2 protein chains.
Amino acid sequence: MNEAIENILQSKDIAPTAMRILVLEYLQKQTAAVNLADVEAGFAQADRITIYRTLKTFEEKGLIHSINDGTESTKYALCAEACKAGDHYDLHLHFFCIKCRQTYCLPKHKVPEIDLPAGYQLKELNLVAKGICDQCT
Amino acid sequence: MNEAIENILQSKDIAPTAMRILVLEYLQKQTAAVNLADVEAGFAQADRITIYRTLKTFEEKGLIHSINDGTESTKYALCAEACKAGDHYDLHLHFFCIKCRQTYCLPKHKVPEIDLPAGYQLKELNLVAKGICDQCT
DNA sequence: TCGTCCATGCAACCCGATTGCATTGTTTAA
DNA sequence: TTAAACAATGCAATCGGGTTGCATGGACGA
Ligand SMILES: [Mn+2]
Ligand SMILES: [Mn+2]
Ligand SMILES: [Zn+2]
Ligand SMILES: [Zn+2]
């Protein structure tokens with residue numbers, strides 16, 4: 001059972017410690033993006049800093065991606081498998097619900113092509129929609 | 001001279017105090033979006049909190065809009081004239097240069113239409129591009 | 001077994017954002 | 001004209017997310 005989780009970590013070049021396995025299991029259960037406080041609250045006793053560094057490591061190694069939805073805290077969600085250290089391939093739309101304040105990945109909605117003025121080089125594109133989610137309608 | 005500035009403030013239902021006139025004049029001079037510290041540094045002696053509240057008021061009244069470019073601080077820039085209290089009409093692309101760390105409004109690049117899954121209601125759409133600006137190429 | 005490396009835990013700090021409150025300035029109604 | 005009512009300002013204090021320093025502990029290879 002842990003086998004699968006450990007394999008995922010190792011495939012992303014992350015040493016599978018107890019904490020990391022727990023955090024990854026937690027992330028897999030989520031249906032919306034979570035912030036540091038959410039993860040912390042997901043465990044009876046857990047060190048905030050260790051979770052913080054775990055999430056940082058996960059992000060660096062391409063296991064999760066961070067989302068800046070305009071709220072006070074950064075949120076995290078699991079990446080598509082194709083993501084690698086330093087490269088997040090699946091650029092998709094994120095939706096923030098102003099009612100339940102949940103942030104959802106919409107991986108089927110790829111960010112659109114945009115053309116920039118002459119001389120501008122594009123490296124990254126962030127698209128965040130705000131509104132009311134289907135649960136809250 | 002101040003006449004024009006005062007008219008702008010009054011047209012947005014903002015009482016034209018000395019500080020507000022100065023801040024608006026400052027904002028009109030900018031070519032990139034600014035944060036609170038920028039505005040503060042733009043004056044010899046100025047109270048940070050007053051500027052903070054000035055920017056908040058400007059935003060509420062639809063004179064400026066705030067930009068979350070993924071950096072540590074919120075940035076602000078003047079709105080199109082059509083913007084009103086609570087309603088920012090000119091949804092456009094913002095470009096953050098990773099070299100000079102400036103954030104530019106690209107009002108000619110409107111945010112694209114997106115279609116959401118059934119049951120999702122759209123209220124707002126934020127699009128931020130990151131890369132290298134024409135000055136830094 | 002020892003030494004090295006990495007992960008962890010705890011304390012401390014940084015900084016942008018925000019609030020409380022007393023004071024000052026401006027507007028409004030008597 | 002004057003006094004009350006209201007809005008803006010200035011200063012101190014706080015909050016909270018994010019980040020770093022450092023000592024300890026566990027895993028693993030020489
Ligand atoms: Mn996502
Ligand atoms: Mn803009
Ligand atoms: Zn919702
Ligand atoms: Zn630049």
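Predicted model, so just to flag it, every value in this text is computed and none were measured. The figures that follow rest on heavy atoms only: side chains count, while hydrogens, waters and symmetry mates do not. Note on naming: letters A, B, ... go to the chains in the order of the sequence lines (proteins, then strands), and numbering restarts at 1 for each one.
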Worksheet, complete the sentence: Going 5' to 3' through nucleotides 16-30 of chain D and flagging B where a protein heavy-atom sits under 4.0 Å of the base, S where only the sugar-phosphate is that close, and - otherwise, we get -SBBBB---------

Worksheet entry | Whole angstrom value for the distance that separates P of D/dT9 from CZ of B/Phe43 | 12 Å

Fill in: side-chain N/O B/Thr57 vs D/dA8 OP1/OP2, d < 4.0 Å
no

Worksheet entry | Spatial distance of atom CZ (B/Phe58) from atom CZ (B/Arg53) [nearest 0.5 Å] | 14.5 Å

Worksheet entry | Rounded distance (nearest 0.5 Å) linking atom CG of B/Leu93 with atom CG of A/Leu125 | 7.5 Å

Item to complete: Extract, from 5' to 3' on DNA chain C, the first and final nucleotides lying under 4.0 angstrom from some heavy atom of chain B.
Response: C/dG16 to C/dG20

Worksheet item: Aromatic ring centroids of A/Phe95 and B/Tyr120 under 6.0 Å?
Response: yes

Discussion item. Testing B/Ile64, B/Val39, B/Val23 one by one against B/Tyr76 for a side-chain contact (heavy atoms from CB on, under 4.5 Å), which residue passes?
Written reply: B/Ile64

Fill in: Qualifying residues under salt bridge (charged side-chain N to carboxylate O under 4.0 Å, His left out), relative to A/Asp134, sequence neighbours excluded
none

Worksheet item: Just wondering, are more than 12 heavy atoms of other shown residues or ligands nearer than 6.0 Å to NZ in B/Lys123?
Response: no

Worksheet item: When B/Asp69 is tested against each of B/Lys75, B/Lys130, B/Arg101 for salt bridge (Lys or Arg N to Asp or Glu O under 4.0 Å), which residue passes?
Response: B/Lys75

Worksheet item: Are A/His65 and A/His94 linked by a side-chain donor-acceptor pair shorter than 3.5 Å?
Response: yes

Worksheet item: So what does B/Thr50 touch, heavy atoms closer than 4.0 Å: a base, only the sugar-phosphate, or nothing?
Response: base

